[in-house]
Chemist: 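Have a look at this one before I ask anything.
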Amino acid sequence: MTKTFKSKIVIALGGNALGNNLKEQMVAVKTTAKAIVDLIEEGHEVLIVHGNGPQVGVINNAMTEYAHSTDSDPTPLSVCVAMSQAYIGYDIQNALHEEFLNRNLEVPPIATVVTQIRVDENDKAFENPSKPIGKFMGKDEALAAAGSRGWIVKEDAGRGYRRVVASPAPKEIVELSAIKSMADDGQVVICCGGGGIPVISKGKHLAGVPAVIDKDAAAALLAKNVGADTLIILTAVEKVAIGYGTENEKWLDKLSTKEALKYADDGEFAPGSMLPKVLAAVDFASSGENKTAMITLLEKAKDAINGKTGTKIVD
Ligand code: ADP
Ligand code: MG
């Protein structure tokens, strides 16, 4: 049975929605659940995508230590991403359940879909891996790991060496039809966590690749694929700025996709943080009629949907 909703919203949750460690995550998900239930309570269909940087880092480090101490095969990064999706999904499911009960609302079905996303093995990103993951290493350890594990390692801003992986563009959400039918049925779906598990087609087999897909790019693809009305990227700032951090800083209420691309070209948005969000917003907003992307603070999700704050990106 298909339920009817006020609108369909894909929410992308950033680092501050989950915290940096186990304890922080337990606290942070409570605020995150409030922001999400606010939208569900208003009658919107909601799909949730989240980042996984700190979590996948911890899992990856632990599995690397384990392989080291037991002289066993290292766990592939793709498996670490799958583990992080399940762990984070568990915490979000749990926090949502509690928030519905706190509001004396009926608890809807809530589920996490472990999601694979196909990438192009010829993606240019594979030629220049740039995303640092896992622990910091000294030079000797880094070079040894590069030799024995085939890792690509790079010096990271004077803080030591880290493994770097590629961040290819997401092409196809493998579990899309499962996600769609669950969401349209009124289930709250958590999916594409950490940008999805990157896979490439090898004949009939989908093979995991050591890469990290940007979660904002994955959220934009999901929003396009499920026919969402709104993509809302929830992060640590209430609005997008030009002249960010300078005396000419100007916070923006609205941006056209054209203006956004021009500012992006001018270098207004930092590459590892705001740029991927703005590009994801432009990708979604330019994908059809009446598609709105928003960037705002986690706590302001409801206000942004109701036009009271945030930066709105439209075509
Ligand atoms: P998330 O974990 O939500 O993905 P990021 O830290 O990656 O968050 O990106 C959000 C951050 O981007 C903000 O906290 C802010 O410090 C930074 N930022 C960089 N450029 C801008 C800009 N032009 N306007 C607003 N924030 C910006
Ligand atoms: Mg980020």
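Since the structure is predicted, the reported quantities are computational estimates derived from the model, not experimental observations. Indexing begins at 1, ligand by ligand and atom by atom, following the structure's order.
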Chemist: Which atoms of ligand 1 sit under 4.0 Å from any heavy atom of Gly14?
Modeler: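 This gives 1 (P), 2 (O), 3 (O) as the contact atoms.
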Chemist: Looking only at distances, please establish whether an N/O atom of ligand 1 is found under 3.5 Å from an N/O atom of Asn16.
Modeler: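 For ligand 1, there is no N or O atom that lies under 3.5 Å from one belonging to Asn16.
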Chemist: Taking side-chain contact (heavy atoms from CB on, under 4.5 Å) as the definition, give me every residue that meets it alongside Lys302, ordered by chain and number, with sequence neighbours left out.
Modeler: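 For Lys302 the side-chain contact (heavy atoms from CB on, under 4.5 Å) partners, ignoring immediate neighbours, are Asp38, Leu39, Glu42, Asn306.
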Chemist: For ligand 1, which atoms, with element, lie under 4.0 Å from some heavy atom of Lys215?
Modeler: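 Close to Lys215: 4 (O).
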Chemist: Checking Arg159 against Phe136: charged group under 6.0 Å from the ring centre and within 45 degrees of the axis?
Modeler: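 No; the conditions do not both hold, so Arg159 does not lie above the ring face of Phe136.
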Chemist: Does any N or O of ligand 1 fall below 3.5 Å from an N or O anywhere on Phe269, backbone included?
Modeler: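 Between Phe269 and ligand 1, no N or O pair is found under 3.5 Å apart.
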Chemist: On a heavy-atom basis, I'd like to know which of Ala264, Gly267, Ser273 is closest to atom 9 (O) of ligand 1.
Modeler: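 That would be Ser273.
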Chemist: Considering only heavy atoms, which of Met274, His50, Glu249 lies nearest to atom 27 (C) of ligand 1?
Modeler: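 Closest candidate by heavy-atom distance is Met274.
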Chemist: Does the N or O separation between Thr235 and ligand 1 drop below 3.5 Å for any pair?
Modeler: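 Yes; at least one N/O pair falls below 3.5 Å.
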Chemist: Run through Gln85, His50, Gln25 and flag the one making a side-chain hydrogen bond (donor to acceptor under 3.5 Å, both in side chains) with Gln55.
Modeler: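 Only match with Gln55 under side-chain hydrogen bond (donor to acceptor under 3.5 Å, both in side chains): Gln25.
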Chemist: Under a 4.0 angstrom heavy-atom cut-off, which atoms of ligand 1 come close to Gly15?
Modeler: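 Checking each atom against Gly15, I get 1 (P), 2 (O), 3 (O).
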Chemist: Going by an N to O cut-off under 4.0 Å, is there a salt bridge joining Asp315 and Lys258?
Modeler: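 Salt bridge flag = no for Lys258 with Asp315.
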Chemist: List every atom of ligand 1 that sits less than 4.0 Å from any heavy atom of Glu268, numbering the atoms from 1 in the order shown and giving each element.
Modeler: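 Ligand 1 atoms under the 4.0 Å threshold to Glu268: 23 (N).
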Chemist: Can you give each donor-acceptor pair under 3.5 Å made by side-chain atoms of residues 104-115, sequence neighbours left out, with the distance rounded to 0.1 Å?
Modeler:
from, atom 1, to, atom 2, distance (Å)
Thr112, OG1, Gln93, OE1, 2.6
Thr115, OG1, Val113, O, 2.7
Thr115, OG1, Cys192, N, 2.9

Chemist: Are side-chain heavy atoms of Phe269 and Leu279 found at a separation under 4.5 Å?
Modeler: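 Answer no - side chains too far apart.
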Chemist: Quick one: do Lys171 and Asp120 make a salt bridge, cutoff under 4.0 Å?
Modeler: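 Looking at Asp120 together with Lys171, the answer is no, because their closest N to O distance does not fall below 4.0 Å.
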Chemist: State the atoms of ligand 1, each with its element, that fall below the 4.0 Å cut-off from a heavy-atom position in Ala236.
Modeler: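 The list of qualifying atoms is 14 (O).
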